[in-house]
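Working notes, structure below.
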Amino acid sequence: AAADDINALYGEPLEVFCRKLLKCDDKTCMEFRSGIKRHQKITLREKGELYPGTLDMLSDLKDMGISLAVCSNAGFDYIELVTSTLGIKALFSIFEGRDGMASKTLRLKSIISRTGSSFAVMAGDRYHDIEAAAENGIPSIGCLYGYGTPEEMLKADYKVENPREIETVIGALLKKN
C-alpha cells in the first residue's frame with residue numbers, strides 16, 4: 001500500500017486497517033494487530049513526538065482550569081502508551097478509548113457528562129471527531145496539522161493550523177460562554 005493510503009487510516013480503529021490494507025481473515029488480522037502493538041512500543045520510544053506547541057497548549061489549558069480528556073478510536077493500552085511515553089498523561093483527567101463503547105459520539109457524550117461542566121469543545125484531526133462534536137451539540141476544532149485531510153475538516157466550527165491556536169479558540173469560546 002502507498003504511504004498516503006496508510007496515513008489516511010490513522011485515527012481509524014485497527015480493524016479498519018486490517019480490512020482496508022490486508023483484506024484478511026480474523027486470525028491474520030489478530031496477528032497483524034499484535035505485531036503493530038509490539039512495533040508501536042519501540043517506535044514511540046525512539047521516534048514519537050508531539051506536534052510543536054502541543055505540550056505548552058495542553059499545560060496552559062490545564063492551568064486555565066480546563067479539564068482535558070482523550071477520546072480516541074484506540075484502546076486504553078495504546079492511549080496509556082502514547083500519553084505516558086510522550087510525557088502528557090498527567091495533563092488529562094479522563095481517558096476514553098474503544099475498549100468500551102464503539103461509537104465516538106457515545107464516548108464523547110460520556111466524557112461530557114462525567115466532567116459535569118456546561119462547557120465542552122472537541123478538537124481533532126479526523127472526520128469522526130468533527131461528527132462526534134456535532135452529534136453532541138458542542139463546538140469542534142478541526143486540526144489541519146493532523147492526519148486528516150482538509151476536506152475532513154470542512155464541517156469543523158473552527159480550523160487551526162497548529163496546537164497553540166486551539167488555546168486561542170478555546171479562550172475566545174470561554175469569553176462567549
Side-chain angles (χ1 to χ4, degrees), residues 8-16 44 48-177:
L9 293 172
Y10 279 104
E12 297 288 352
L14 271 178
E15 55 268 19
V16 173
L44 266 169
E49 61 185 353
L50 297 168
Y51 288 105
T54 299
L55 181 58
D56 290 336
M57 177 267 298
L58 293 171
S59 297
D60 290 350
L61 288 174
K62 185 158 176 101
D63 289 346
M64 291 168 56
I66 303 288
S67 293
L68 302 173
V70 173
C71 184
S72 176
N73 278 340
F76 185 76
D77 289 345
Y78 183 72
I79 295 168
E80 166 77 22
L81 175 66
V82 170
T83 57
S84 295
T85 302
L86 299 179
I88 58 173
K89 182 179 178 185
L91 296 170
F92 294 93
S93 56
I94 299 174
F95 301 88
E96 192 72 65
R98 288 264 335 227
D99 299 315
M101 297 165 269
S103 161
K104 186 166 259 195
T105 297
L106 291 176
R107 287 186 309 235
L108 179 57
K109 183 177 184 174
S110 171
I111 289 170
I112 292 167
S113 72
R114 289 184 356 221
T115 65
S117 175
S118 62
F119 179 78
V121 178
M122 170 66 122
D125 66 346
R126 296 304 314 265
Y127 67 93
H128 29 70
D129 301 317
I130 307 310
E131 289 172 359
E135 291 169 5
N136 278 285
I138 65 170
S140 60
I141 301 173
C143 302
L144 299 172
Y145 58 87
Y147 286 108
T149 64
E151 293 76 26
E152 288 182 63
M153 300 297 104
L154 287 175
K155 292 183 180 177
D157 298 305
Y158 304 90
K159 296 163 192 66
V160 297
E161 299 280 344
N162 64 67
R164 292 309 300 228
E165 291 178 27
I166 294 172
E167 185 179 345
T168 303
V169 171
I170 291 176
L173 289 169
L174 280 169
K175 286 181 184 172
K176 286 183 186 178
N177 200 11

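Numbers here are sequence positions counted from 1.
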Heavy-atom nearest pair, F95 first then K89, reads CZ-O, 3.6 Å

Please check: side-chain N/O of N73 versus main-chain N/O of R98, any donor-acceptor pairing under 3.5 Å? no

Kindly give the heavy-atom pair with the smallest separation between A133 and P139, and that separation in Å. CB-O, 4.0 Å

Minimum heavy-atom separation for G97 and I79, please, with both atom names. CA-CD1, 3.7 Å

For R126, does its backbone N or O pair with a side-chain atom of D129 as donor and acceptor, under 3.5 Å? yes

In terms of heavy-atom contacts, P163 and Y51 come closest through CG-CB, 3.9 Å

Of all heavy-atom pairs between L81 and T85, which one has the smallest distance, and what is that distance? O-OG1, 2.6 Å

Does D125 reach the main-chain N or O of Y147 with its side chain, forming a donor-acceptor pair under 3.5 Å? yes

Dump the intermediate steps for side chain to side chain contact (heavy atoms under 4.5 Å, CB included) on Y127 and T149, then the final yes or no. CA-CA 9 Å; Y127 67 93; T149 64; over 6 Å; no

Is any side-chain heavy atom of L91 closer than 4.5 Å to a side-chain heavy atom of L61? no

Atom pair CG (L50) and CG (L58), whose distance is rounded to the nearest 0.5 Å: 7.5 Å

May I ask you to decide if R164's main-chain N or O and N162's side chain share a donor-acceptor pair within less than 3.5 Å? yes

Side-chain contact, heavy-atom cut-off 4.5 Å: I94 with S67? no

Value rounded to 0.5 Å, distance of CD1 in I166 from OH in Y145: 3.5 Å

Taking I88's backbone N and O only, do any of them form a donor-acceptor pair with T83's side chain (distance below 3.5 Å, no angle check)? no

How long is the gap from CD1 on I130 to NZ on K104, to the nearest 0.5 Å? 9.5 Å

Closest contact, heavy atoms only, R107 versus C71: CB-SG, 3.9 Å

